[in-house]
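Each remark here refers to the structure printed beneath this line.
Below, read A as the first sequence line, B as the second, and so on, with proteins coming before strands; counting in each chain starts at 1. Note that the structure is predicted; figures quoted are calculated from it, not measured.
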Protein chains: 2
Amino acid sequence: MDYPPSVQRLIFALRQLPSVGPRSAERLALHILKSDSSLAESLAISVSEARRNVRPCSRCGFYAEGPICEICSDPNRDTKTICIVEQPTDVLSFEKSGAFKGLYYVLGGSLSPLDDIGPEELNIPKLLARISDEGVQEVIIALNTDVKGETTMLYLARELHQLNIKVSRLATGISIGSSLEYADSLTLSHAIGDRKEV
Amino acid sequence: MDYPPSVQRLIFALRQLPSVGPRSAERLALHILKSDSSLAESLAISVSEARRNVRPCSRCGFYAEGPICEICSDPNRDTKTICIVEQPTDVLSFEKSGAFKGLYYVLGGSLSPLDDIGPEELNIPKLLARISDEGVQEVIIALNTDVKGETTMLYLARELHQLNIKVSRLATGISIGSSLEYADSLTLSHAIGDRKEV
């Protein structure tokens, strides 16, 4: 004996989600069965609607419900500054900080020759064309600080310098509010190297 | 700036699930957006189907897709023995062990006067009627061994003895494969009291 087939199908579907193992999938499924039917309904509807309505913005690659995302279509943004990030979620992190008022460009990953991911796969030629077409004045490269991200940063910086624009990267150093005890030595050495006079 | 409305609705719906906080809901939602659309589709369909098709079995309270569950409609089960459990999931635990071939009865909870949960709320009168109608010979009470479970067990035992049938409870003792080091003292005292000659 096992669960009825439709419960088994639900458990199987839930297991496809990240960090949901067999036990959590079972727990989630049983919760859905026990709770009010409006929960199941809103979950089912929102899953299909989100998947159907949301597409990458054709200009920057962030999530959009129309052809262009809300950021790209906002007339109050500074169109002369572009921040290059790896993932759409990185855009949200900057937006939450409120520290950036320009536009974004989502690469969708980083250069990785071993995985056959070159500049073409990350739409870098399209990005370079956009930058020279639109008279962009500064590009901020905000990629992850792992090996792949650094390689991609160096490649982008070289290409962008040929367009004669200002290229910058995020400052590296210790996190605000963190304890020095937990900072790794590479971060500490960057933080000492880039120390600021007070 | 925030996610497009349909992504926000999806995140909100996912947050209603147990042990899914704001961050995990976001991660799950973004995974659904990124992955193949068949995942979203099968998830949405299985959620609504499971919620629509699955009902408590009218005889025992376990999950059923028809009026009667698969266990109650199986002609090979021993209908003279009934095992009383708290939750539908407990039925599955016994079924996985393969040690019980009788029928079940799911109370749906335990007696709790402070929460206004009395015998009526747990359908105990219906259970007692079924037991005397169907000529059941033995009832195994398999409730949780917490205070509420024990109270419910004592109440059920008293009621069942009036029907002149055999009433038993699960053996208590140390778990198979566990180390004595981790057994609590109450369990150990039960295990010594119920020791078996070898």
Who wins among A:L33, A:L17, A:I71 for the most heavy-atom pairs under 4.5 Å with chain B?
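Among A:L33, A:L17, A:I71, the one with the most close pairs to chain B is A:L33.
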Which one, A:L30, A:I11, A:V7, leads in non-hydrogen pairs under 4.5 Å with chain B?
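When all of A:L30, A:I11, A:V7 are compared, A:L30 has the most.
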Check [X] against [Y] and note the closest heavy-atom contact, atom names and distance.
| X | Y | answer |
| --- | --- | --- |
| A:S6 | B:N53 | OG-CB, 3.8 Å |
| B:R27 | A:P18 | NH2-O, 4.0 Å |
| A:S48 | B:A44 | OG-CB, 3.6 Å |
| B:R51 | A:D36 | NH2-C, 3.8 Å |
| B:L39 | A:Q16 | CD1-CB, 3.3 Å |

[X] with [Y], same ILVMFWY side-chain cluster at under 4.5 Å:
| X | Y | answer |
| --- | --- | --- |
| A:Y3 | A:L28 | no |
| B:I68 | B:L103 | no |
| B:F12 | A:V47 | no |
| B:V136 | B:M153 | yes |
| A:I131 | A:L143 | yes |

Which atoms of [X] come close to chain B, meaning under 4.5 Å heavy atom to heavy atom: side chain ones, backbone ones, both, or neither?
| X | value |
| --- | --- |
| A:S35 | backbone |
| A:F62 | side chain |
| A:D2 | both |
| A:L92 | side chain |

Most heavy-atom pairs under 4.5 angstrom with chain A, which of B:S37, B:S42, B:S19?
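Highest number of heavy-atom pairs under 4.5 Å: B:S37.
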For the interface with chain A, which of B:P88, B:C69, B:A13 has the highest count of heavy-atom pairs at distances below 4.5 Å?
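Winner by heavy-atom pair count: B:A13.
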Just wondering, more than 12 heavy atoms not from B:K126 lying within 6.0 Å of its NZ?
yes
How about CD on B:Q87, more than 12 heavy atoms from neighbouring residues, nucleotides or ligands closer than 6.0 Å, or not?
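Enclosed.
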Enter the distance from [X]:[atom1] to [Y]:[atom2] here, rounded to the nearest 0.5 Å.
| X | Y | atom1 | atom2 | value |
| --- | --- | --- | --- | --- |
| A:I45 | B:L10 | CD1 | CG | 12.0 Å |
| A:L14 | B:S46 | CG | OG | 6.5 Å |
| B:K34 | A:Y63 | NZ | OH | 6.5 Å |

Could you pull out all residues at least two apart from A:Y105 that satisfy ring-ring contact (aromatic ring centres under 6.0 Å, His included)?
none
Output all residues satisfying side chain to side chain contact (heavy atoms under 4.5 Å, CB included) with A:P5, sequence neighbours left out; order by chain, then residue number.
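A:P5: side chain to side chain contact (heavy atoms under 4.5 Å, CB included) contacts with A:R9, B:E65.
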Contacting region of B:E26 [heavy-atom separation from chain A under 4.5 Å]:
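Looking at B:E26, just its side chain touches chain A.
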Report which part of B:A64 has an atom under 4.5 Å of a heavy atom belonging to chain A: side chain, backbone, both, or neither.
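For B:A64, the backbone is the part near chain A, not the side chain.
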